*Asks:* 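Once you've had a glance at the structure underneath, I'll fire off some questions.
Computed from a predicted structure; not experimentally measured. Quick note: numbers below take in every heavy atom, side chains included, and nothing from hydrogens, waters or symmetry partners.
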Amino acid sequence: MTTNTGTRYKLYGWKLSGSLAIEAAFAEAGVAFDFVPIDSKARENLSEAYHRINPRQQLPAVMLPDGTCIAEGPAILLHIADAFPDAALAPRPGSFARAHHDRWLSFFQANVYEGELRKLFPDRYAATADCASSVREAAVSYVERHYEIFEEVLGEGPYFLGERFSVLDIYVWMLAQWMPADWLAARCPKVKRLSDTVASRPAVAPVHDFHFGGGASM
Ligand SMILES: N[C@@H](CCC(=O)N[C@@H](CS)C(=O)NCC(=O)O)C(=O)O
């Protein structure tokens, strides 16, 4: 992407990984950043060097301009929203709207993202290999149930906060791409609409196309 000046944000990520939500948030905020590719398929996230960035060895992580690092997608998204208030990517800290917003961000991270990991890596959650397929099967319905809970609380939209866009919408858009589109359309049409609306935003569309448009790999 662009040259590191030493004072810009650095995003550690990879194509189709959780770092894509952070790319979208930076794009929405109009913030230039340096992208550091960490090929998780080649297990670069397990390297000693990356351990120093994020001891949990997952993507995404962000190095702040002061040289310290943070991880966990929602924490990074909320930092971007708070650090660049002109972009209006979250309700004002301390407001009731913000409390609701952050609650659902946590809900998606704790339930949906974690459920996706159980679908993807069921062996990590099973003491013996023969249990892995039942872990995966249970995770599929667990994730679906949590989308249905969110569908119930969504209003007329198109975003969680109505007409007002936020980083929660970015997070839901990212996670929704990992669901079968036909299931989402049939069972959670409001979530599907939210996700499609986010995908078509001018700042998000190039990120969406890069990751989900079937183009070149990194
Ligand atoms: N709790 C983390 C989860 C991040 C996560 O699971 N990232 C995946 C990529 S999408 C990862 O790095 N997986 C590598 C691994 O678990 O070994 C967050 O919300 O940011």
Side-chain angles (χ1 to χ4, degrees), residues 1-2 4-85 87 89-90 93 98-99 101-125 139 143 146 166-178 198 203-204 207-208 210-212 218:
M1 294 199 177
T2 44
N4 180 18
T5 62
T7 55
R8 291 152 58 115
Y9 286 87
K10 271 190 200 175
L11 171 61
Y12 297 81
W14 192 247
K15 190 170 183 181
L16 290 174
S17 83
S19 53
L20 69 92
I22 314 304
E23 287 176 49
F26 276 137
E28 284 284 347
V31 176
F33 63 97
D34 298 310
F35 188 82
V36 184
I38 302 290
D39 183 352
S40 46
K41 291 230 162 38
R43 300 167 73 85
E44 285 177 8
N45 56 314
L46 303 182
S47 70
E48 198 47 49
Y50 191 66
H51 185 274
R52 284 192 290 277
I53 304 295
N54 178 10
R56 182 61 184 83
Q57 296 182 292
Q58 288 179 326
L59 306 173
V62 158
M63 184 181 284
L64 304 173
D66 70 355
T68 60
C69 293
I70 60 168
E72 302 301 335
I76 300 169
L77 291 172
L78 289 173
H79 168 71
I80 294 170
D82 291 341
F84 303 96
L89 293 177
R98 178 64 175 266
H101 175 274
D102 293 1
R103 175 255 178 108
W104 291 104
L105 202 52
S106 293
F107 174 92
F108 269 92
Q109 182 184 31
N111 298 300
V112 175
Y113 204 142
E114 275 304 305
E116 291 294 349
L117 293 178
R118 290 202 294 281
K119 283 157 67 173
L120 206 55
F121 307 113
D123 48 305
R124 293 183 183 175
Y125 299 84
V143 168
H146 286 82
S166 70
V167 289
L168 171 60
D169 303 308
I170 291 179
Y171 204 59
V172 173
W173 154 73
M174 174 183 76
L175 291 168
Q177 307 310 312
W178 300 342
V198 174
V204 177
V207 181
H208 184 94
F210 175 71
H211 289 277
F212 305 113
M218 264 171 172

*Asks:* Report the distance from atom CZ of Arg43 to atom CD of Gln57, rounding to the nearest 0.5 Å.
*Replies:* 10.0 Å
*Asks:* In Å and rounded to the nearest 0.5 Å, what is the CG to CG distance from Asp34 to Leu11?
*Replies:* 10.0 Å
*Asks:* Can a donor-acceptor pair be found between the side chains of Glu23 and His211 at a distance below 3.5 Å?
*Replies:* yes
*Asks:* Please name the pair of heavy atoms, one in Gln58 and one in Tyr50, separated by the smallest distance, quoted to 0.1 Å.
*Replies:* O-OH, 2.7 Å
*Asks:* Using 0.5 Å steps for rounding, measure from the CD1 atom of Ile53 to the OG1 atom of Thr68.
*Replies:* 10.5 Å
*Asks:* Any side-chain heavy-atom pair from Asn54 and Tyr12 closer than 4.5 angstrom?
*Replies:* no
*Asks:* Between Gln109 and Glu72, is there a side-chain donor-acceptor contact under 3.5 Å, judged purely by atom types and distance?
*Replies:* yes
*Asks:* Is the centre of the Tyr113 ring less than 6.0 Å from the centre of the Phe108 ring?
*Replies:* no
*Asks:* At their closest point, which heavy atom of Tyr125 faces which heavy atom of Glu114, and how far apart are they?
*Replies:* OH-OE1, 3.5 Å
*Asks:* Quick one: pull up NE2 in His51 and CG in Asn45 and give me the separation to the nearest 0.5 Å.
*Replies:* 11.5 Å
*Asks:* Does the separation of the ring centres of Tyr171 and Trp104 fall below 6.0 angstrom?
*Replies:* no
*Asks:* Check whether any side-chain N or O of Ser106 sits under 3.5 Å from a backbone N or O of Asp102 as a donor-acceptor pair, and report yes or no.
*Replies:* yes
*Asks:* How far apart are the closest heavy atoms of His146 and Val112, and which atoms are they?
*Replies:* CB-CG2, 3.9 Å
*Asks:* Would Asp123 and Arg118 satisfy salt bridge (Lys or Arg N to Asp or Glu O under 4.0 Å), going step by step from the backbone distance to the final call?
*Replies:* CA-CA 8 Å; Asp123 48 305; Arg118 290 202 294 281; over 6 Å; no
*Asks:* So, is the end of the Lys10 side chain (NZ or CZ) under 6.0 Å from the ring centre of Phe33 and within 45° of the ring's axis?
*Replies:* no
*Asks:* So, for Ile38 and Trp14, which heavy atoms are closest and what is the spacing to 0.1 Å?
*Replies:* O-CB, 3.3 Å
*Asks:* To the nearest 0.5 Å, what is the distance between CD on Glu28 and CD1 on Ile170?
*Replies:* 5.5 Å
*Asks:* Can you tell me how far apart CG (Leu59) and CG (Asp39) are? Round to the nearest 0.5 Å.
*Replies:* 9.5 Å
*Asks:* Might you point out which heavy atoms bring Val207 and Leu20 nearest each other, and give the distance in Å?
*Replies:* CG1-O, 3.8 Å
*Asks:* Show the nearest heavy-atom pair for residues Leu77 and Ala21, with the distance to one decimal.
*Replies:* CD2-O, 3.7 Å
